[in-house]
Amino acid sequence: MSKKTYAIAIRDVIAQEMRRDENVFIMGEDIEILGGIFGCTRDLYKEFGTERVRNTPISEAGFIGAGLGAACAGMRPIVELMYMDFTLVAMDQIINQVAKTRYIFGGRAKIPLVIRGQQGIGRGNAATHSQSMETIFMHFPGLKVACPSTPQDAAGLLRTAIRDDNPVMFFEHKALYADKGEVNDDPEFMLPFGKADIKREGTDVTIVANLLYVKRALEAAKELESIGISAEVIDPMTLVPFDKETVVNSVKKTGRLVVVHEAHRNAGWGAEVAAMVTEEAFRYLDAPPLRLGALACPLPFALNLENAATPQVADIVQAARQVCYR
Amino acid sequence: MAHKIIMPKQGLQMTEGYIAQWLKAEGDMVKLGEPLFEIETDKLTITIDSTAEGKLLKIVRPEGDTVPITEVIAYIGEEGEVIEDIQAPSLPADVSVKEVESPKESRRLSEPIPVLAQAGVKYATPRAKMRAQERGFPIESVDATGPDGLIIERDVLAYKPVAASPLARKLAGLGGISLDGVEGSGARGKVMAPDVRQALAAPSADDTSDCLETVIPMDGMRRGIASTMSGSLSATAQANHSMLVDMSECVRLRERMKKAEIKISFNDIIILCAARALKEHPQVNAVRQEDSIVQKHYVNVGMAVATPRGLLVPVIMDTDKKSLREIAGITAALAERTKKGTITPDELTQGTFTVTNLGMLGVDKFVAILNPPESGILAVGAIKKQPVVLEDDSIAVRPMMWITLTYDHCVIDGAPAASFLGRIKELLEDPILLL
């Protein structure tokens, strides 16, 4: 174990995997000498050379398509996007090609491709550089969707993603890169997909959150504890596959559900979880499941407005109190 | 022109309705089908949904008014619309919307309207129901603290059910007292009937105050009962016959049914016997209408059910054509829905005869008042073991029961009434004749 940031945890796993398997390589914008804008590939070119740590032109459709081709040909590419918002430039490649190739070829083509990058609020990057994209990729079958909320989770999930023979959308959060935590340095340390992590146990309300909002949900849980409400905080870790069992069992215990995410509340993945729980655990519910998410407006540039448009700790506390009727 | 909201006719015999509550205020927006007001007829409280969409421009008849059916009680229309031809007796005919709107502050649409609790229906979350089921008590007995009178898990967990015998529960319900404060003398503190009687007899804490009396305004249902009962006595010539019935065979029948796991009550058997006797005595199965007597060709026996708010008589349609088992099923369902308040007005009318039974409450024999427009009512007392002199002059102990017929002498004479009552006795003493 060693203490490192979320960004360095990611860089170290990429390095370890590139050492282990010569088919693993990474490409993206400004990842060579600059090391990516958040340093997730810093100095990797020195060890592995610019053949395996490749800069690309500013053409997401082009280099995601190249990643798919390389994966089909037996490589294990990691494609870094500077902002996950830019997946929108390459939607045909991702949704129509990457997600469907294995299926169309009857499972005979393996696509061990990881598309990773950062997203989200926290830096006032405005409407086109602050979005949360994971819900869209949860909708289309054929992609796995991982969302680590801590350095340790980032390391464990990324290694699982690189070794998976299916395409994985790997969502990092810009406001988490500087967070430090204990990380398992074992080059075989992996966290399984489809296994949620109960970040905090509780008995009165289940709060499901991902990425930045795991931290905020834990803060809210602390405040709730001071007024006598015991909150259980669950990080699903991967949205695809989704660990329904852990969430449903938790709600059976607590009887109340709040889902909070940074993705827009309208048709966000929280709605899917709320519906899933209502279907599976209706008779256990003591209150309608609540969803919190960004307002249905483009994310503002000004930080104070960004805060106003996204759920704050106080909002999570309020929602939990509401479902507890307190 | 603004849409008129009228006092609706709910059930065949309704002639007027008492406006118990407006669920919207003047100035509120109302959707089609949204609950608008509550009325109390002489039998029920009913929530009436809006028949129009728009702004509630004017409430013509306020809460507490008794209004004949089809009379206008409110107007719904578009903002700024002028209401013409207002029918309210106390208002000038040219009331414009502006005048109507200004004095009242309109309620916000989202403001929760406490309809649920008042309608006597209880709502609970799925989890609360599950918890109550686990603990084995009815969710209806739990007090709600959730929004809009919703019973939530916490309420169920906080609820301590009182163990009580069925009779104790019934007595407490009729006496309008909660079992919570009654000390039980049964096993493990179970509340028994004598405990409730004692509690009902004991002076309550309120008696220590200076107040010497309590004034309870008569609500729609109470007023309905009052006018029906006094009207019954003044409009008919009520006469009575009583007979003592040997219930040995009925007791045997019921026990054999019980062994076959078929649940029937004595009252079910009595209702069926009465229905069969009515079919054979059409002159009793009749109503008086001005100068004629209308004999009904169908037999609908009503059964008197005591509810906390007063007496109701739900009706079993075509009683004579039903089997004992069918009647048992119907009476159980009717009794439950009557107590819950989910019975419909039509199920409370159209009766041709009534059976009322106070045996469970220990009454040996009593005389009932006719339930208009019916011409007969059978009052049933308790079944009690008594020494009886048999035909061979020997004395035996038999379960005996008094039945008393009240009939309208305007419609039926004494002899046919006696023959009718005798037939009921005959059927009860040998229920095999029902086959």
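Proteins come first, then strands; the chains are lettered A, B, ... in the order of their sequence lines, and each starts at number 1. Note: hydrogens, waters and symmetry copies are ignored here, and every other heavy atom, side chains too, is used. Just so it is clear, the structure is predicted and the values come from calculations on it, not from any experiment.
Side-chain contact between Q133(B) and R283(A) is present, with heavy atoms from C-beta onward closer than 4.5 Å.
Annotation: E63(B), atom CD; neighbour count of heavy atoms from other residues, nucleotides and ligands within 6.0 Å is above 12. Within a 6.0 Å radius of CD in E183(B), no more than 12 heavy atoms belonging to other residues, nucleotides or ligands are found. Other residues, nucleotides and ligands contribute only 12 or fewer heavy atoms inside 6.0 Å of the CZ atom of R325(B). When the shell of 6.0 Å around NZ of K244(A) is examined, it contains 12 or fewer heavy atoms from other residues, nucleotides or ligands.
A donor-acceptor pair is defined here as one N or O able to donate and one able to accept, closer than 3.5 Å; such a pair exists between the side chain of R127(B) and the backbone of Y284(A). One N or O on the side chain of R154(B) and one on the backbone of Y325(A) form a donor-acceptor pair closer than 3.5 Å.
For the atom pair CD of E153(B) and CZ of R256(A), the computed distance is 4.5 Å after rounding to the nearest 0.5 Å. Considering CG of D286(A) and CG of L157(B), their distance stands at 8.5 Å, rounded to 0.5 Å.
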